[in-house]
Amino acid sequence: MNYIDEFRDIKKVKYFAERIKEVNPDKNINLMEVCGGHTITILKYGIQELLPGNINLISGPGCPVCVTAVDFIDMAIELSHRRDVIVATFGDLIRVPGTNSSLELERAKGANIKICYSPAEALKYATKNPEKEVVFLGIGFETTAPSVAVTILNAYSNKVRNFSVLSSHKVMPPAMKFLLDSGEVNIDGFICPGHVSAITGPRIYEFIAKDYGVPCVVSGFEPMDLIETIYMLVLQIREGRAKVENQYKRTVRREGNSKAQEVMSEVFEPVSVRWRGIAEIPESGLKIRKKYSDFDAVEKFDLKFKRGMENPSCICGEILKGVKTPLECRLFKKVCSPENPVGACMVSSEGACAIYYKYGAR
C-alpha cells in the first residue's frame, strides 16, 4: 500500500460512514466545502451517497478562477490591446468570459497573451524581452499569493523594470464571514480548505467558531480525509460544540507557513475586492503595497476599474454562495458546457459546474 492508497482505503471510508450514522443528530445539517478541490473528491468518490439523508454538502466560493470579477477580465483584455504589453496568465483564466469577450478570443484576434505555469516564468519572460512590458495576472487565494509576492521581491531586488502584476488575489475568511452574515444560506459547519490552511494555519477560522457558533474542520483532499472531516463536524454538532479542528495534520500546522506569511505581508496589504457574482467584500483582497508600486500594473498603467456585466442568465454567483446548485441553472449542459462556458464556474477544473458536468449530480 502506498501513501495515497492509505487515504483511499474503502474500509476506512466505510468505517467513518458508519460512525457518522451513529452520531447523526437526526436534524437537517448543511456543511459547506469551501474548496473546489474538495468538491471534486466529493463527487468523484460519491461521498454524499454515503451520508444519511439529513446531511447535505454545499459547494462554496473556493475556486480562484470562478471568483475573479468580470471587471478584472475586462481590464486584462484592455491591457492586452496595448502594443507594448504582453499579458501573462494561468491557462484556466484565459477562457473566462468578460463583459464582451475573453482573453482566449482576443488572443485569437492577435492580442499578445502568453500562458504561464508560474509567476516566476512570467518574470523570466520579462527579462528575456526587455523591449516589452510583461503583466502577470495574479489571481488565487493564500495558496498562490506567496509565490507572486516572492516574484515581485525578486523583480524588486534585480531591478526588473518591465514586469508588473495585475493583482486580484483574495483571502478566504472574509468571504466565509460574508456568507454567514448574508443569511442567504444556512451553514452548520465548514469543511475548510487544506491548501489555504497550510499557509495560514487553522487559527484564521477561530472567529467563525467563536462569533457564529459554527464548527470548522480543516480537511485533506482524499476520500478518507473528507469522510473523517464530516464525521468530526457532525460530532461537534451533535455535542453542541463549535471549535476549529484539524483533520489534515499531515500537512497543516497550527502556525502555518511563517515564511510564506512574511512575504505576503511584506508585499500585499488588505483591500476590498469584488468577488464574481457575489459582492464586494471588505478586506478580502490583496493590494500591492506602495513600496512595490512599480510592480503594480494598476499604478504603472494608471488603470481604472469599470463595472463589468455578467451574462444575466448565468447563476454562477448563486452557485458560489451555495444558494443554488448547477443543476438549478437552466443553461447547465444545454448552452453551457466546458467547450462553450457561459460562466466562470464551467471553465475551471475546480468550478462547481465543471465538476458536476464531469462527475454527474450528487
Side-chain angles (χ1 to χ4, degrees), residues 36 40 63-126 129 132-141 144 148 163-170 274-277 297-298 301 303 305-317 319-320 326 329 331-358:
I40 292 173
C63 166
V65 170
C66 302
V67 296
T68 299
V70 174
D71 318 23
F72 181 86
I73 301 297
D74 290 345
M75 186 174 285
I77 289 172
E78 182 182 331
L79 269 174
S80 75
H81 291 164
R82 296 177 62 122
R83 296 185 64 179
D84 59 335
V85 168
I86 298 172
V87 171
T89 177
F90 292 129
D92 275 3
L93 198 62
I94 197 169
R95 301 183 63 227
V96 174
T99 299
N100 297 309
S101 186
S102 68
L103 291 165
E104 183 178 49
L105 290 174
E106 295 306 308
R107 186 172 69 161
K109 295 175 187 174
N112 209 344
I113 299 166
K114 175 180 174 58
I115 293 176
C116 291
Y117 295 97
S118 70
E121 182 183 349
L123 177 58
K124 188 176 181 181
Y125 194 72
N129 296 273
K132 294 284 188 179
E133 291 281 344
V134 175
V135 180
F136 179 73
L137 305 184
I139 67 162
F141 302 114
T144 52
V148 174
F163 174 79
S164 58
V165 174
L166 185 60
S167 176
S168 185
H169 287 290
K170 297 176 175 66
R274 179 165 295 283
W275 292 55
R276 186 169 189 143
V298 173
F301 297 98
L303 301 175
F305 278 97
K306 301 169 188 173
R307 186 67 180 269
M309 291 289 292
E310 307 271 1
N311 184 315
S313 300
C314 176
I315 65 166
C316 275
I319 293 169
L320 290 165
C329 179
L331 305 183
F332 183 70
K333 277 193 171 181
K334 297 182 176 71
V335 297
C336 184
S337 67
E339 293 75 27
N340 181 38
V342 175
C345 294
M346 189 60 91
V347 174
S348 170
S349 61
E350 292 189 358
C353 295
I355 298 168
Y356 272 66
Y357 191 97
K358 184 173 183 178

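Keep in mind it's a predicted model, so treat the numbers as computed, not measured. The analysis underlying the following values was restricted to heavy atoms, covering all of them including side chains, and did not include hydrogens, waters or symmetry mates.
When all heavy atoms of Phe305 and Phe72 are compared, the closest pair comes out as CE2-CA, 4.1 Å. Closest of all the heavy-atom pairs between Ile319 and Ala352 is CG2-CB, 3.8 Å. Closest approach of Cys66 and Gly351 over heavy atoms only: SG-CA, 3.5 Å. Nearest heavy-atom pair across Glu104 and Arg95 is OE1-CG, 3.7 Å. Among all heavy-atom pairs drawn from Glu133 and Phe163, the shortest one is OE1-N, 4.2 Å. Scanning all heavy atoms of the two residues, the minimum distance from Ser102 to Pro97 falls at CB-CA, 4.4 Å.
Ile77 has its side chain out of reach of Asn100: every pair of non-hydrogen atoms, C-beta onward, lies at least 4.5 Å apart. Phe301 is listed as a side-chain neighbour of Ser164, based on a closest heavy-atom distance under 4.5 Å. Residues Val135 and Val165 form no side-chain contact, since every pair of their non-hydrogen atoms from C-beta on lies 4.5 Å or further apart. Two residues are said to be in side-chain contact when any heavy atoms from C-beta on lie closer than 4.5 Å; Val65 and Ile139 meet this criterion. The side-chain heavy atoms of Ile73 and Arg276, taken from C-beta on, include a pair separated by under 4.5 Å. With contacts defined as side-chain heavy-atom distances shorter than 4.5 Å, the pair Glu78/Lys306 qualifies. Inter-residue side-chain proximity for Pro64 and Glu350 is flagged as met; some heavy-atom pair is nearer than 4.5 Å. Inter-residue side-chain proximity for Ile315 and Leu331 is flagged as unmet; no heavy-atom pair is nearer than 4.5 Å.
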When the side chains of residues 115-125 are checked against the rest of the protein, which donor-acceptor pairs come out under 3.5 Å, sequence neighbours left out?
{"unit_1": "Ser118", "atom_1": "OG", "unit_2": "Glu121", "atom_2": "N", "d": "3.1"}
{"unit_1": "Glu121", "atom_1": "OE1", "unit_2": "Tyr117", "atom_2": "N", "d": "2.8"}

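Judged by distance alone, the side chain of Asp92 and the main-chain N or O of Ser348 form no donor-acceptor pair under 3.5 Å. A donor-acceptor pair under 3.5 Å is formed between the side chain of Asn340 and the backbone N or O of Val335. Put simply, the side chain of Lys170 gets close to the backbone of Ser168: a donor and an acceptor are under 3.5 Å apart. With Lys358 contributing its side chain and Cys353 its backbone, the two residues share no donor-acceptor pair below 3.5 Å.
For the atom pair CD1 (Ile86) and CG (Asn129), the distance works out to 5.0 Å, reported to the nearest 0.5 Å. Rounded to the nearest 0.5 Å, atoms OG1 (Thr99) and CG (Asp74) are 3.5 Å apart. Rounding to the nearest 0.5 angstrom, the gap separating the OG1 atom in Thr68 from the CG atom in Leu93 is 5.5 Å. Between Met346 atom CE and Cys336 atom SG the span is 4.0 Å, to the nearest 0.5 Å. Here the OH-SG distance, from Tyr356 to Cys345, works out to 11.0 Å after rounding to the nearest 0.5 Å. The CZ atom of Arg107 sits 9.5 Å away from atom CG of Leu103, with the distance rounded to the nearest 0.5 Å.
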Trace of the side chain to side chain contact (heavy atoms under 4.5 Å, CB included) decision for Met309 with Val70:
CA-CA 7 Å; Met309 291 289 292; Val70 174; 5.8 Å; no
Determine, stepwise, if the pair Leu137 / Val87 fulfils side chain to side chain contact (heavy atoms under 4.5 Å, CB included).
CA-CA 7 Å; Leu137 305 184; Val87 171; 3.7 Å; yes
Run the side chain to side chain contact (heavy atoms under 4.5 Å, CB included) test on Ser313 and Val342 for me, step by step, so that the C-alpha distance in whole Å, both residues' side-chain angles and the decisive distance to 0.1 Å come before the verdict.
CA-CA 9 Å; Ser313 300; Val342 175; over 6 Å; no
